[in-house]
**Q** 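One structure follows; several queries about it will come next.
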2 protein chains.
Amino acid sequence: MKLTFQDYISIKIHKTDLNLTRFVKAKLEPFNLAPEQNLIMMLLWEKDGLSQNQLVETLNKDKTNIARMAASLEKKGFIKRYNCDKDRRSVRLYLTDTGRNLGNEVIPIAEEFDAIVCNGISKEELKQMEKILRKMNQNVEKLL
Amino acid sequence: MKLTFQDYISIKIHKTDLNLTRFVKAKLEPFNLAPEQNLIMMLLWEKDGLSQNQLVETLNKDKTNIARMAASLEKKGFIKRYNCDKDRRSVRLYLTDTGRNLGNEVIPIAEEFDAIVCNGISKEELKQMEKILRKMNQNVEKLL
DNA sequence: GGATTTATGTTGTTATAGCAACTATATACC
DNA sequence: GGTATATAGTTGCTATAACAACATAAATCC
């Protein structure tokens, strides 16, 4: 087959991901919010009181990552963690007032970021790209 | 604008990247080679004796990451690091025999991985995707 | 040719990312 | 209803990612 380094689509995706993350990291820095922490906040702004396990499934990350990010967000005062009454194993995350207010500032920045990333790319092209990404995920997931 | 979590293309790219990395990590584990370390090895298999700084530019990573991955690869016995005679600041990486031989086993696995990822995706679609990824990189790079 | 600037790497710190092993609780099984 | 199993989180470890501050060597500038 003889592929060279530049041929691998996975490497191109990886580099792009790092570039986008670096960019959004700088955008969020003034708010004392790291990129992945922001993903948790975005989900909580949509629906408060999610459990860590729900975040594990939505974000498709290891539970240890979620636990540590949640601990960090609590330390920063953006959320509070409470044990669920119905299931004592489960930990639910609730926004503090500070955390809720943060959304008013950060959500516009996230949307502006998306607009910058998608600049000059048509809706059709985006749909196409999403389809291919889905296919790639399926390709590896069925073998995991 | 009102975007929800699932609307962000950056998040989809990020998740896919993590999925692909997780997959390749498992594939490389038997060889005591981590995914990013493998990227350095792939470049050395193509051209031995690259400097850390050349890797910084090719891999588009911070020099600290490259330095630490190179240190790790040296510790594993896959490469040797020598100071360049012409430029005493520069550190060049050279494959050991072990490192060179590793390529015979790992390169086929990398190519198989690429084939798995691209399964059911046409050459046209891949080209299209690469074009969009390039555009996204440009979109953020010009603002960094 | 000596001072300033630039380039290359290293050390220290914080934030992801995932695996293994563990605790505690809940569910299933008989 | 007591045992086995499954689920939700935590702790410890390694690898990646980027930034700041630093050391050293090279290049530039006058």
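Quick note on labels: first sequence line is chain A, next is B, and so on, each numbered from 1.
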**Q** State whether a side-chain donor-acceptor pair under 3.5 Å links B/Thr64 with B/Asp62.
**A** yes
**Q** What residue pairs, at least two apart or across chains, pass salt bridge (charged side-chain N to carboxylate O under 4.0 Å, His left out) with a residue in residues 98-109 of chain A?
**A** A/Asp48-A/Arg100, A/Asp97-A/Arg100
**Q** Could you list by number each residue of residues 79-91 of chain A showing a heavy-atom separation from DNA chain D of less than 4.0 Å, or answer none if no residue does?
**A** A/Arg81, A/Arg89, A/Ser90, A/Val91
**Q** With a 3.5 Å cut-off and no angle check, do the side chains of B/Arg81 and B/Gln52 form a donor-acceptor pair?
**A** yes
**Q** Tell me which residues in residues 37-68 of chain B lie within less than 4.0 Å of DNA chain D, going by non-hydrogen atoms.
**A** B/Gln37, B/Lys61, B/Asp62, B/Thr64, B/Asn65, B/Arg68
**Q** What I want to find out is whether A/Glu125 reaches B/Lys131 closely enough, with some N-O distance under 4.0 Å, to be called a salt bridge.
**A** yes
**Q** Under 6.0 Å from the CD atom of B/Gln6, do we count more than 12 heavy atoms belonging to anything else shown?
**A** yes
**Q** Compute the angle between the rotation axes at the two ends of the helix from C/dG1-D/dC30 to C/dC30-D/dG1, each taken over five pairs, rounded to 10 degrees.
**A** 20°
**Q** Nearest whole angstrom, please: distance from the P of D/dC13 to the CD of B/Glu29.
**A** 18 Å
**Q** Just by distance, no angles: are the side chains of A/Asn19 and A/Thr16 close enough, under 3.5 Å, to form a donor-acceptor pair?
**A** no
**Q** Rounded to the nearest Å, what distance is computed from the CZ atom of residue A/Phe23 to the P atom of nucleotide D/dA18?
**A** 15 Å
**Q** Take atom CG of B/Leu33 and atom P of D/dT14, then tell me their distance rounded to the nearest Å.
**A** 17 Å
**Q** Identify the two heavy atoms, one from A/Ser10 and one from B/Leu20, that lie closest to each other, and give their separation to 0.1 Å.
**A** CB-CD1, 4.0 Å
**Q** Is there a side-chain contact between A/Leu28 and A/Phe23 (heavy atoms, below 4.5 Å)?
**A** no
**Q** Side chains of B/Thr4 and A/Glu46: any donor to acceptor distance under 3.5 Å?
**A** no
**Q** For A/Lys76, give me all partners under salt bridge (Lys or Arg N to Asp or Glu O under 4.0 Å), at least two apart in sequence or on another chain.
**A** none
**Q** Need two values: the first and the last nucleotide of DNA chain C, 5' to 3', having an atom under 4.0 Å from any heavy-atom of chain B.
**A** C/dA7 to C/dC19
**Q** Has B/Thr96 got a side-chain atom pairing as donor or acceptor with B/Gly77's backbone, closer than 3.5 angstrom?
**A** yes
**Q** Between A/His14 and D/dT16, is there a contact of a side-chain N or O with OP1 or OP2 at under 4.0 Å?
**A** no
